Amino acid sequence: MVKMEEKKERKIVLTKPMTVERESDSDAAYKAPNLLQRILSLFKNVRPGSDLTRFQLPPLFNLPKSQLQCYGESVYCTASDLLSMCNSGQSPLDRFISVVAWCMSTTRPVTFGVAPYNPILGETHHVSKGNLNVLLEQISHHPPVTALHATDEKENIEMIWCQRPDPKFHGTSVEAQVHGKRKLKLLNHGETYEMNCPHLLLRILPVPDADWAGKVTIRCLETGLVAELSYISSPSFLGIGGNHRVIKGKILDSSSFKVLYEVDGHWDRTVKLKDTNNGKVRVIYDAKEVFSGLEAPILKDKESVWPTESANVWGELSQAILSKDWEKAREAKLKVEEGQRKLVRERESKGETWISKHFVVSNNKEGWQCSPIHKSVPTAPIIAK
């Protein structure tokens, strides 16, 4: 009887994804008062170049969701079925261009001054959208490493990610490089696409700002097609000027080094492709179409939600943040963190090592690697619209 009551009391909180629309449209619209002053106070004892992976934010600066949910949203929260378009291309080049557009869709806006929760070890996020089933697991806490496996058995598509953010403080900014590869497999065509992602740049002074920057390379191992993209974010002067959310690059044939297309645009608006043979220009990516009308995922079967699910682990904290009950939020966050410390002490006392339930994990000179234990991801109790 007690166990049944505990299940009923579980708080599973699901929030809207970040969009390119007004911040007020998102559950993450909250901003702390005197934001810049508070952020400067957070970093007053942090030296430039310091590793921030162990840096703990108070709930006042948290989005009401985990980093696992943010990663997952970049895959399952789209209004356009870009993955099907990747699969339906008639030629390798058509499919490659669609993959480039899909890769851009995984870049999501960030809000200066707030950040998602750092996932706990073994935390999971399991969501389905149509035939696409997505599973993420936090396979390391220090350093933070996330694994993702997604499968669409109808389209015969598989995704495998393993990535590690590496945030560092640089005095007037924070830069988070994201190490690791993302793989997209179009199994019907025998094609594997490897790609990385841009790094996150948070400028504190002179004008607070958050944007993605850096170089992204997308490569099809079988066809030799390569896309080299640059995410450009130049700072403004006292809020005037500067380039934000710009993307430029090219698609080329690596066997001949011939540039086939030039890429130009803004990843939060439209991106165009120019054919170098005939000069024709077309839009390959429209962010408004991709992000329009996105809603929070819905809970289909509460009893089937795993205890490790992000929305369950952080449910009390998310609810407190949404209610702006900061004392309750502080208590809820401390409860999760203390619970993790207790589990670590128990494992150490028994000489046990934590083992992933969903991935085979290794860490060597090439970095963190993961491979799914199961061939496909099962249907989830949480459904994305």
Side-chain angles (χ1 to χ4, degrees), residues 9-19 23-46 50-73 108-125 136 138 141-144 146 165 167-169 174 176 200 202-204 208-210 296-297 299 305 307-344 382:
E9 291 174 359
R10 288 169 68 188
K11 284 188 173 65
I12 299 173
V13 178
L14 299 164
T15 57
K16 286 184 180 180
M18 299 295 288
T19 72
E23 287 181 357
S24 57
D25 292 334
S26 169
D27 291 316
Y30 169 78
K31 283 191 175 181
N34 301 317
L35 182 60
L36 183 58
Q37 181 181 348
R38 288 171 183 259
I39 287 177
L40 288 172
S41 70
L42 280 177
F43 291 109
K44 66 181 179 181
N45 293 320
V46 182
S50 296
D51 181 357
L52 298 180
T53 54
R54 294 178 183 268
F55 191 72
Q56 294 293 331
L57 286 173
L60 192 68
F61 296 97
N62 278 130
L63 292 171
K65 63 181 66 186
S66 169
Q67 182 65 66
L68 255 63
Q69 291 167 284
C70 292
Y71 286 147
E73 286 174 1
R108 300 300 166 102
V110 289
T111 302
F112 179 84
V114 285
Y117 319 131
N118 291 326
I120 62 174
L121 184 63
E123 180 180 330
T124 57
H125 185 47
L136 299 99
Q138 192 70 7
H141 188 54
H142 294 302
T146 303
K168 284 186 168 55
F169 180 59
V174 175
L200 181 60
L202 303 173
R203 297 188 184 93
I204 303 171
D209 186 31
L299 186 58
V305 173
T308 54
E309 164 62 44
S310 297
N312 179 63
V313 171
W314 302 102
E316 287 187 21
L317 174 54
S318 295
Q319 189 61 60
I321 289 174
L322 292 171
S323 304
K324 298 183 181 178
D325 186 340
W326 302 115
E327 181 58 31
K328 189 172 182 180
R330 188 189 65 80
E331 293 173 357
K333 191 169 189 179
L334 186 62
K335 180 180 176 182
V336 174
E337 292 169 350
E338 286 297 330
Q340 280 304 290
R341 293 187 188 103
K342 181 181 178 182
L343 289 175
V344 170
I382 298 174

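Computed from a predicted structure; not experimentally measured.
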For [X] and [Y], which heavy atoms make the closest approach, and how far apart are they?
X: Gln340; Y: Leu121; result: OE1-N, 3.7 Å
X: Val305; Y: Arg10; result: O-NH2, 2.9 Å
X: Pro64; Y: Ile321; result: CB-CG2, 4.3 Å
X: Gln138; Y: Thr146; result: OE1-OG1, 2.7 Å
X: Ser66; Y: Pro116; result: C-CB, 3.7 Å
X: Leu68; Y: Ser310; result: CB-OG, 3.6 Å

Pairing residues for Ala332 by the side chain to side chain contact (heavy atoms under 4.5 Å, CB included) criterion, not counting sequence neighbours | Glu316, Leu317
Would Ser318 and Tyr117 count as having a side-chain donor-acceptor pair, cut-off 3.5 Å?
-> yes
Distance-only donor-acceptor check, side chains Glu123 and Thr308, under 3.5 Å | no
Could you measure the distance from the [atom1] atom of [X] to the [atom2] atom of [Y]? Nearest 0.5 Å is fine.
X: Leu299; Y: Glu309; atom1: CG; atom2: CD; answer: 9.0 Å
X: Leu343; Y: His141; atom1: CG; atom2: NE2; answer: 11.5 Å
X: Leu60; Y: Lys324; atom1: CG; atom2: NZ; answer: 10.5 Å

Among Lys335, Glu327, Lys333, find the residue that satisfies the side chain to side chain contact (heavy atoms under 4.5 Å, CB included) test when tested with Glu331.
-> Glu327
Does the side chain of Leu322 come within less than 4.5 Å of Thr15's, by heavy atoms?
-> yes
Taking only Lys NZ, Arg NE, NH1 and NH2, and the carboxylate oxygens of Asp or Glu, determine whether Glu338 and Arg341 approach each other closer than 4.0 Å.
-> yes
Please list, chain by chain and in numerical order, all residues satisfying salt bridge (Lys or Arg N to Asp or Glu O under 4.0 Å) with Glu73, sequence neighbours excluded.
-> Lys65
Flag, side chain of Asp325 to backbone of Ala320, donor-acceptor distance under 3.5 Å | no
